[in-house]
Student: 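Shown below is the structure under consideration.
Below, read A as the first sequence line, B as the second, and so on, with proteins coming before strands; counting in each chain starts at 1.
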Amino acid sequence: MSYALERFSEEARAAIAATGMVPAEMIELATPKPNIPADLAFPVFRAARELGVAPPRLAADLAAAISPGPGSLIGAVEAAGPFLNFSMHPERIAEAVLGEIAAHGAAYGHHADGAGKRVVVDYSAPNIARRMHVGHIRSTIIGQTLVNIFRALGYQVIGDNHLGDWGTQFGTVIASIMRYGRPQAEGEAAMEQLEALYARYNNEMKERSELEDEARRWSLALEQGDPEARAIWQWCVDLTLKAAQKNYDRLGIVFDHAYGESFYEAMLPEVIAETLHSEAAYRDADGSVVAELDKLPKFIIQRSDGGTVYMTRDIATVKFRISEFQPSKIVYVVDGRQELHFRQLFAIVRAMGYAEGVELVHIPFGIVTTPDGQPLSTRKGNMVYLESLLDEAVARARAVVERKNPELDEAEKAAVAEAVGVGAVIYNDLYQDPRRNISLDWERMLATEGNSATYLQYSYARCRSILRRVEEERGGAVAPANLALLTHPAEQRLLKHLARLPEALREAGARYAPFVIAEWCYTTAREFGVFFEQCPVLKADTPELRAARLALVEATGTALKGGLALLGIKAPERM
RNA sequence: GGGCCGAUAGCUCAGUGGAUUAGAGCACUAGUCUUCGGAACUAGGUGUCGGGGGUUCGAAUCCCUCUCGGCCCGCCA
């Protein structure tokens, strides 16, 4: 499978090579800046220096020596100073790009690069007995988008929700339930009650030390498989997952597995033994097992009291994932504060020989803040929970729908508000580099113009609106399209941009950067907006031109919907 | 003390060596429209690319250094 832009690029490369003037390994092509009236450039600096020729001279000689063959996607070749510029053939590019979009449909832009390879993506990872808050939303949304992107690149992707369902704090959770009783509410309300019980227990513990012992006993009981402790734990897990699932459904999050930390408990003694055997770690005088690798700070694998820590479980997790899935890479979508932890983890599993030939990647992301840059935290009392965040966004979107489109029926209004509100939350997380902190700014998030989810959805709805009108006319009979008629500058710009989705997808995967897709979507909407303004479709001058433009509108809708789907954003037909 | 991340227009961000003017959006101003959906389109302008060195024919981009902000540095996750 090879898309128009790739073929264009290969033709250009072959044409340069065929002149015999430049060795193939010196041909490095680049995409010109938007203000340059060309689609591909060969900056000849390096080659000219190697060959001992003045750059403009070489570019001019190449331009003179190249003439595109019949049927070539190359339309024009010309020298501009030290650059050799290639332009696409306006008519053939239209036929090629629109043909590809029609043929691939929702899968337009996808590749088979990852065929036969597996990728494990570790994302979301909520804590049991806790509500999901804005701190989890980033991992969840970025992670799912990376899953979508790698699938579209042809990889077999295994999404794993690494639940925080283990650790010492669980003793306190169980003890608090035993002492105060189980919450009776459902969903996030029940989680809120669990959090309250936990806090209450912690407070009482400060004054009554016997509660501390009780919590420790339950922690131990859970680790030793005590049936009663285990039953309460399981109840908490089920409750949390059920509440989380509601959020996942709204956000379009789907996992292949949800092996929590507890899943690895049985493997830990062996893993600890292997860290010692491989001499990746050693036993300290106090009985703890520690490692010091690659000049990284020392870290603990087993506590001096014999207990394990999350590092222990993470090592076991790597071992399990590699033996179970044979992935070529494992991607961790976890916030940037754990960067050191992952460097240490990757170092020790390599030292242990677990990860031969497996690429281990940590995708760090920034924190969520208030509009004025303050961190959100439970302690400060300004925490925002995922469910209420989505509800609020949808409610605000609903108000806009009522104002803009009151004639829609109730069910459609609700569906549109959900798509727009949730889309805004998702886009707010994806439109920029994940390393940056993002702020929870309602004004910007739910902006209906500019670089916003709503603007993208609106652009799609406009495409559909035109097509719907055609379908409503006499059964949608459309004159056969002569795509070569799409030579208007606005048409050409839109076409050429549609041609860039395949490469945008590759770049997004290579850089683990959903915002590359977001930017492609945004530019698509922009170019469509210009086209929409300058090129009448239904009232085009001739039936042939009308048909050609309809094909362009349809292709734009298909490609834009596909791009939004990668981001997990729904595209309503009307809004 | 060591390490990681960030710093580009008033604000939010793209730009990870190449084309005499560093790009978008928001905000501001002025327009377009007998509308295929105005949740649109057009025009208008601001930048010591945090500072300073260096490499290069060429640096926002690569190297060094400093400043500021955030975060991390074995028995939490």
Side-chain angles (χ1 to χ4, degrees), chain A residues 30 32-36 38 41 43-46 48-49 55 80-83 85 125 127 164 166-169 261 281 284 286-292 295-311 313-314 334-341 343-344 364-367 369 371 373 375 400-401 403-405 420 431-433 435-439 441 443-444 447-452 454-455 457-459 461-470 511 515-516 518-519 522-523 525-526 528-540 546 549-550 553 574-575:
Chain A
K33 289 181 177 175
N35 59 326
I36 305 302
V44 304
F45 301 95
R46 194 156 298 130
R49 180 197 279 177
F83 292 85
N85 286 340
N127 294 318
W166 211 247
T168 51
Q169 83 282 0
E261 293 180 67
D284 218 347
D286 61 7
S288 60
V289 175
V290 298
E292 193 170 8
K295 294 180 184 166
L296 294 168
K298 238 198 251 186
F299 58 99
I300 283 273
I301 287 140
Q302 185 176 30
R303 300 195 310 240
S304 52
D305 67 2
T308 58
V309 291
Y310 69 116
M311 178 63 82
R313 293 186 279 276
D314 274 358
V334 181
D335 84 86
R337 288 172 300 192
Q338 297 198 41
E339 195 265 344
L340 175 59
H341 168 73
R343 282 177 42 189
Q344 291 169 327
F365 53 81
I367 59 171
T369 69
V400 179
V401 175
R403 195 170 72 244
K404 300 276 186 186
N405 233 337
V420 170
Y431 80 100
Q432 65 185 49
D433 191 307
R435 274 187 295 264
R436 284 182 181 274
N437 295 339
I438 58 169
S439 72
D441 183 338
E443 297 306 314
R444 208 177 50 248
T448 56
E449 49 195 63
N451 190 359
S452 67
T454 310
Y455 174 65
Q457 291 168 320
Y458 176 69
S459 301
R462 296 219 297 187
C463 290
R464 297 307 306 168
S465 175
I466 293 172
L467 298 166
R468 205 162 39 238
R469 279 169 170 266
V470 174
R511 296 175 61 189
F515 74 85
V516 172
E519 286 199 332
Y522 173 62
T523 306
R526 282 282 310 161
F528 177 71
V530 175
F531 161 78
F532 184 89
E533 206 68 21
Q534 298 185 4
C535 303
V537 177
L538 298 178
K539 294 175 187 167
R546 178 180 134 121
R549 285 180 174 166
L550 279 170
V553 171
R574 291 184 293 189
M575 57 188 282

Student: Pairs under 3.5 angstrom, nitrogen or oxygen only, protein versus nucleotides 12-15 of chain B, please.
Tutor:
from, atom 1, to, atom 2, distance (Å)
B/rU12, O2', A/Tyr431, OH, 2.8
B/rC13, OP1, A/Gln432, NE2, 3.4
B/rC13, OP1, A/Asn437, O, 3.4
B/rC13, O5', A/Gln432, OE1, 3.2
B/rC13, O3', A/Arg436, NE, 3.3
B/rA14, OP1, A/Asp433, N, 2.6
B/rA14, OP2, A/Arg436, NE, 2.7
B/rA14, OP2, A/Arg436, NH2, 3.1
B/rA14, O2', A/Glu519, OE1, 2.9
B/rA14, O2', A/Glu519, OE2, 2.6
B/rG15, OP1, A/Arg511, NH1, 3.3
B/rG15, OP1, A/Arg511, NH2, 2.8

Student: What's the closest nucleotide to the side chain of A/Arg49 if the choices are B/rC75, B/rG18, B/rU56?
Tutor: B/rU56
Student: Who does B/rC41 pair with, Watson-Crick or G-U, both distances under 3.5 Å?
Tutor: B/rG31
Student: B/rC76 P sits how many Å from A/Arg337 CZ, rounded?
Tutor: 18 Å
Student: Would you please name every residue forming a ring pair (Phe, Tyr, Trp, His ring centres under 6.0 Å) with A/Phe515, sequence neighbours left out?
Tutor: none
Student: Does A/Val290 reach a base, just sugar-phosphate, or nothing at all? Heavy atoms under 4.0 Å.
Tutor: base
Student: Remember a base hit wins even if backbone is also touched, and classify A/Pro82 as base, sugar-phosphate or nothing at under 4.0 Å, heavy atoms.
Tutor: nothing
Student: Taking any heavy-atom pair under 4.0 Å as a contact, classify A/Arg313: base, sugar-phosphate, or nothing.
Tutor: sugar-phosphate
Student: Round to the nearest Å and state the distance from A/Arg435 atom CZ to B/rU16 atom P.
Tutor: 13 Å
Student: Strictly under 3.5 Å: I want the nitrogen or oxygen pairs between protein and nucleotides 42-46 of chain B, one per line.
Tutor:
from, atom 1, to, atom 2, distance (Å)
B/rU42, OP2, A/Arg526, NH2, 3.2

Student: Could you tell me the Watson-Crick or G-U partner of B/rA7, where both distances fall under 3.5 Å? Say none if there is no partner.
Tutor: B/rU67
Student: Kindly indicate whether the side chain of A/Ser304 and the base of B/rC75 share any N or O donor-acceptor pair separated by less than 3.5 Å?
Tutor: yes
Student: Report yes if the ring of A/Phe83 lies under 5.5 Å from the six-membered base ring of B/rA19 with planes under 30°, and no otherwise.
Tutor: yes
Student: Provide, to the nearest angstrom, the distance between the CD1 atom belonging to A/Ile301 and the P atom belonging to B/rG74.
Tutor: 14 Å
